[in-house]
Amino acid sequence: MASKTILRVCSDIRCMKVRGATNIACTALQVIKGARNKKELTEMIALLMKTRPTEPLMRNGLRYVAYNVQQNFDFKKSLNFWADRYMTMSKFALERIAEIGAKRIVNKARIMTHCHATTVASILAKAKEQYKDFEVYVCETRPRLQGRITAKELAGYGIKVSYIIDSAKQTYINDMDLVLVGADALTAEGNIINKVGTSELAILAREADVDFGVAAELLKFDPITARGHPEPIEERDPGEVWDKPPKGVKVRNPAFDLTKRDLIDFIVTEEGVLSPHNILSTAYEKYPWLRR
Ligand code: RUB
């Protein structure tokens, strides 16, 4: 029988009170620490796995804990140990990405971003700490307007921010030096999955000859994509787009889209700045347990 806490956390993730790959994974790993035995842990993990389908950072973490906890005798102690270990890996990866990515932010740069990504915000915060002067164009990100979270956070760091509607991306892309986005999933082919609209931004960047960079932990690599499965793309409630559409109008609401590797100039990871072609080998080298 699932406890109220796990049901509340699952609902918070589904309705996006908790959102963004890093926050979702951290919240999921934290809540499973409340399991009192293996059976409860298995039930909790099953519920969390169903919340948002395009979240390998969470899925990898839950599988990592489930696999390792099995082999230990003191259940509680071992559960805390493995859950904390995954969260530490994720935190360390984020810190490395901030340090490495900040080096790609040059003084006076104009950068465009989409949605809200902890990785991107950490890179920009670090670059600002280094007294770099730059400006960020933030896309609104319909329908849930996560661009406002980014705009508010960056402005709080003292970064110059311009907030634009999604359809104004093309108007400003020629003024940019860099596009930098996060990712929910990295695939075996070197493609990335991020908030819907990201692939359009990549196409615009390519056309305008602006570098398109991604910042993502290798822990977001999804091993199912190496076994032939495509990364699932979540389709959300149409009511988020149009609550009462006229009769005969079907509303579609994909949460993410896939950006092809050929449009990606670099991916900032905890192992350095990589070409999309090296994602699979570097992810397996860094985290061999992802192969399981
Ligand atoms: C969030 C989104 C973010 C990634 C990466 O989508 O697409 O770019 O999750 O975020 P949503 P982070 O708002 O639908 O969850 O860098 O924080 O892991």
Side-chain angles (χ1 to χ4, degrees), residues 9-29 48 51-61 86-87 89-102 111-126 136 138-154 166 179-187 191-202 212-222 231-241 253-259 264 267-270 279:
V9 167
C10 287
S11 151
D12 287 353
I13 295 174
R14 252 192 311 270
C15 75
M16 291 173 60
K17 203 164 164 185
V18 174
R19 51 142 303 279
T22 304
N23 291 330
I24 292 171
C26 190
T27 305
L29 271 282
L48 287 161
T51 52
R52 294 196 72 191
T54 320
E55 294 302 348
L57 183 65
M58 170 176 71
R59 277 205 301 274
N60 289 337
Y86 188 80
M87 284 192 278
M89 274 193 276
S90 165
K91 189 167 164 271
F92 177 74
L94 187 62
E95 284 166 11
R96 288 289 298 145
I97 286 172
E99 276 163 34
I100 297 166
I111 303 149
M112 192 177 282
T113 192
H114 187 57
C115 196
H116 173 271
T118 316
T119 46
V120 173
S122 307
I123 288 173
L124 298 174
K126 179 64 79 182
V136 183
V138 178
C139 300
E140 182 168 51
T141 319
R142 276 270 294 151
R144 297 294 299 257
L145 310 181
Q146 292 94 324
R148 292 189 187 175
I149 304 173
T150 305
K152 199 170 162 203
E153 182 176 346
L154 299 186
D166 296 318
V179 172
L180 190 62
V181 295
D184 287 270
L186 305 173
T187 77
N191 303 325
I192 67 122
I193 319 286
N194 191 47
K195 179 55 54 190
V196 66
T198 301
S199 62
E200 184 194 1
L201 189 48
F212 182 89
V214 177
E217 305 87 329
L218 289 168
L219 289 166
K220 288 176 179 166
F221 172 73
D222 196 339
E231 181 65 27
I233 304 269
E234 175 185 7
E235 183 151 355
R236 295 185 59 81
D237 182 353
E240 288 183 344
V241 177
N253 185 18
F256 303 103
D257 66 18
L258 180 145
T259 303
I264 301 169
I267 305 184
V268 183
T269 74
E270 60 274 41
I279 288 296

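Numbers for residues simply follow the sequence, beginning at 1. One-based numbering, in listed order, for ligands and for the atoms of each.
Closer than 4.0 angstrom to ligand 1 lie heavy atoms from Met16, Arg19, Gly20, Ala21, Thr22, Arg52, Cys115, His116, Ala117, Thr118, Thr119, Gln146, Ala183, Asp184, Asn194, Lys195, Lys220, Phe256.
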Could you list the donor-acceptor pairs under 3.5 angstrom formed by side chains in residues 114-124, with sequence neighbours left out?
from: His114; atom 1: NE2; to: Val196; atom 2: O; distance (Å): 2.8
from: His116; atom 1: NE2; to: Glu153; atom 2: OE1; distance (Å): 2.8
from: Thr119; atom 1: OG1; to: Ala215; atom 2: O; distance (Å): 3.0
from: Ser122; atom 1: OG; to: Thr118; atom 2: O; distance (Å): 2.6

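Checked for salt-bridge contact, Glu95 and Lys91 meet the test: a charged N lies under 4.0 Å from a carboxylate O. A salt bridge links Glu234 to Arg236: at least one charged side-chain nitrogen sits closer than 4.0 Å to a carboxylate oxygen.
The distance from atom CE of Met16 to atom CD of Gln146, rounded to the nearest 0.5 Å, is 4.5 Å. For the atom pair CG of Leu219 and CE of Met58, the computed distance is 14.0 Å after rounding to the nearest 0.5 Å.
Of the N and O atoms on the side chains of Ser199 and Asp257, at least one donor lies less than 3.5 Å from an acceptor on the other residue.
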